[in-house]
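Notes follow once the structure below has been shown.
Throughout, protein chains are lettered first and strands after them, A, B, ... in sequence-line order, and every chain is numbered starting at 1.
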Amino acid sequence: MNNYEKIKEVINRSGIIATDVSKELFKLSLSERENAIFDVAIASYLLEPSLGNHSLSKMSLKYLSRPFPSLPKNPSEDELSGCVSLRASILLALYPILKEELDRRELGRIYYNVELPLSSVLARMEERGVLVDTEFFKEEGKRLKKELQGYEERIYKLAGMKFNLNSPKQLSYILFEKLGLPKIKRTKTGVSTNQEVLEKLVPYHEIVELLLQYRETEKIRSTYIDALPELVENGRVRTKWCQTTTATGRLSSIKPNLQNIPPTVREGFVAPPDWVLLSSDYSQIELRIVASLSGDKNLKEAFERNEDIHTRTAALVLGIPEELVGKKEREMAKMINFGIIYGMGAYGLSRRLGISVEDANLFINAYFRTYPGVKEWVENTVREATEKGYTTTILGRKRYFESVKGADIRAAINAPVQGSAADMIKVAMVNIDKALSNKKSGMIIQVHDELVLEVTEDELTEVSDIVKREMERAVSLGVPVVCDIKVGKNWGRMEKLEKNSHGLHRLN
DNA sequence: CCGATCACGC
DNA sequence: CGTCGACGTGATCGGG
């Protein structure tokens, strides 16, 4: 037996306690059964998701009141083994405490049924990586550079001088001192030059429109087109899927962050020859969850009718037939629906809609008259967060609050909604991974309500069925759950996959 | 190195 | 008084 096999044997016989690295253990196939691993970071995350980072040093202080020893510089062999065994003893001591606490707070189920299995799914996604079309990035880089040079020259001419376009401070001197444009909003340190402000300044000066275009293009160039190819290895990027960073239960992604790629850049993520990318996204999942959590009769009915939810909301709130709902009315309803998910306030809504706070209040009242169950749910959720000190998702994930006031009110309303959606897609990921275990196809990206898979052409029909089924049935909401499936050679240009009596075919 | 500003996604 | 929709990651500037 070699060392690798020895380690593997011990792990599978006795189990192992790990932190953060459980994904690495899965990658090395060191664990044959998931439950052989106890990951203290994931446990700590479920106990206190807002903590931010779940380093051993933090956990050691919090749960054992002991400092976690750092490795000395140039240690002797004795020092090194002493430090390492001390660290191991801390890891070992954390295990019973965290495990017991998980059970006591009824977080054991989500730990064993969702997060731990998910950890190995994420390991496989990291291993597979995502194929990148480096040629696309090269060409786009050239094109954007040219475009930016054009903006730059024209902006300098209009400003009457050169300056650093990427410096908000220098820009604000140009706009508000040199050109004398009105100061619309302040920041802590000066006058704001953000997009919202610039849009209001467009009528005052020709330069503003160019600045908006410059900003947009420069963002794409610097953040995506230039930075991404740096992370490509053997044609693929391998993002790190972070399982213990968000306060609500969502995943996050770093190096690169694949969860904020703009549509134009998505074209650079591709399928190999004879493969396609398949994307499946939940339609209106967070509003469906609001319907489910609140049990509101009208909101549930709106989804059961399978109509456009914003149009339906507008019709109900305004008391007019759906045929008479115009673009403006629909947009209004969309904003309110969106606001609900984020713990809507009259002020925020008034700003989004460009109306007075009084009018925004009228709309909110009309909304709550339409969906009285939602109003009740919002009030109950805030009350519960205050009384119990935490909110809960459909699968029992908790987020803790010290006191529920100010921004925490909105966070407390949002947490069960966003968190339940996270629960749901995580369950789907675990089940999809299992269902695809003997196939070549596999998941590569998750963007909160969207899953992207790399699929061989011959597995397409079967895989799309599995993905749709597992996403829609991951958790029973008591309202319809719908996923839309798209397919393409890259992540940017995809076509809807529709099912008909003859099987599957692509539209267009 | 770090806070501030800005901007991308959901 | 000004802020002010939830949750993230990252590029860049500019001061320490």
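If you check B/dG9, B/dA4, C/dC7 against the side chain of A/R266, the one that comes closest is B/dG9. Distances from the side chain of A/E216 to the nucleotides B/dT5, B/dC8, B/dC6 place B/dC8 closest. Distance from the side chain of A/Y347 is smallest to C/dC4 among C/dC4, C/dG5, B/dC6. The side chain of A/Q418 approaches C/dA6 more closely than any other nucleotide in the set C/dA6, C/dT12, B/dC8. For A/A247, taking side-chain heavy atoms from C-beta onward, the closest of the listed nucleotides C/dC7, C/dA6, C/dG5 is C/dC7. Nearest to the side chain of A/S222, among C/dG14, C/dA11, C/dA6, sits C/dA11.
Within the 4.5 Å cutoff, the side chain of A/M332 has heavy atoms near those of the A/F363 side chain. Within the 4.5 Å cutoff, side-chain heavy atoms of A/E152 are placed close to those of A/L165.
Going from atom CD1 of A/I184 over to atom C1' of C/dT3 covers 17 Å, rounded to whole Å. Rounded to whole angstrom, the span from the OH atom of A/Y224 across to the P atom of C/dT9 amounts to 13 Å. As a whole-Å value, the separation of A/H448 NE2 from B/dC8 P is 16 Å. Taking atom CZ of residue A/R410 and atom P of nucleotide C/dA6, one finds them 5 Å apart after rounding to whole Å. What separates CH2 of A/W241 from P of C/dT9 is a distance of 12 Å, to the nearest Å. One atom, CG of A/N257, and another, C1' of B/dG9, lie 8 Å apart when rounded to the nearest Å. The distance from atom CD1 of A/I425 to atom C1' of B/dG9 is 14 Å, rounded to the nearest whole Å. Atom-to-atom, CG of A/L171 to P of B/dC6 comes out at 9 Å; the value is rounded to the nearest Å.
The backbone N or O of A/A421 lies less than 3.5 Å from no partner atom in the side chain of A/E286, so there is not a single donor-acceptor pair. A side-chain donor-acceptor contact under 3.5 Å links A/S253 to the backbone of A/L258. Formation of a donor-acceptor pair under 3.5 Å by the A/N414 side chain with backbone atoms of A/I341 is found in this model.
Checked against the 6.0 Å centroid threshold, A/F338 and A/Y342 count as a close aromatic pair.
Among the protein residues, A/I254 comes within range of the sugar-phosphate backbone only, with heavy atoms under 4.0 Å from sugar or phosphate atoms but none that close to a base. A/L349 comes within 4.0 angstrom of nothing in the nucleic acid, heavy atoms only. The residue A/R186 sits close only to the backbone: its heavy atoms come under 4.0 Å of sugar-phosphate atoms, none of a base. Residue-level contact check: A/N164 touches the backbone only, with heavy atoms under 4.0 Å from sugar-phosphate atoms and none from bases. Residue A/P49 is classed as having no contact, given no heavy-atom separation below 4.0 Å to the nucleic acid. Backbone-only engagement by A/A227 is indicated by non-hydrogen atom pairs under 4.0 Å involving sugar-phosphate atoms exclusively.
Using atom P as the reference point in both B/dA7 and C/dG5, the two lie 15 Å apart (nearest Å). Separation of the P atoms belonging to C/dC1 and B/dC6 is 23 Å when rounded to the nearest angstrom. Separation of the P atoms belonging to B/dC2 and C/dA6 is 25 Å when rounded to the nearest angstrom.
Residue side chain A/R250 reaches the base of B/dC10 through a donor-acceptor N/O pair under 3.5 Å, judged by distance alone. With hydrogens and angles ignored, no donor-acceptor pair under 3.5 angstrom links the side chain of A/Q195 to the base of B/dA7.
Both A/T246 and A/K188 lie close to DNA chain C; mapped to their nearest nucleotides by heavy-atom distance, the more 5′-ward contact belongs to A/K188. Between A/Q170 and A/A411, the residue anchored nearer the 5' end of DNA chain C, judged by the nucleotide with its closest heavy atom, is A/A411.
Side chains of A/S283 and A/D484: a donor-acceptor N/O pair is absent below 3.5 angstrom, by distance only.
Remark: C/dG15 base-pairs with B/dC1; criterion is Watson-Crick or G-U wobble with both hydrogen-bond distances under 3.5 Å. Taking a pair to require two hydrogen-bonding distances under 3.5 Å in either a Watson-Crick or a G-U wobble arrangement, C/dC1 remains unpaired.
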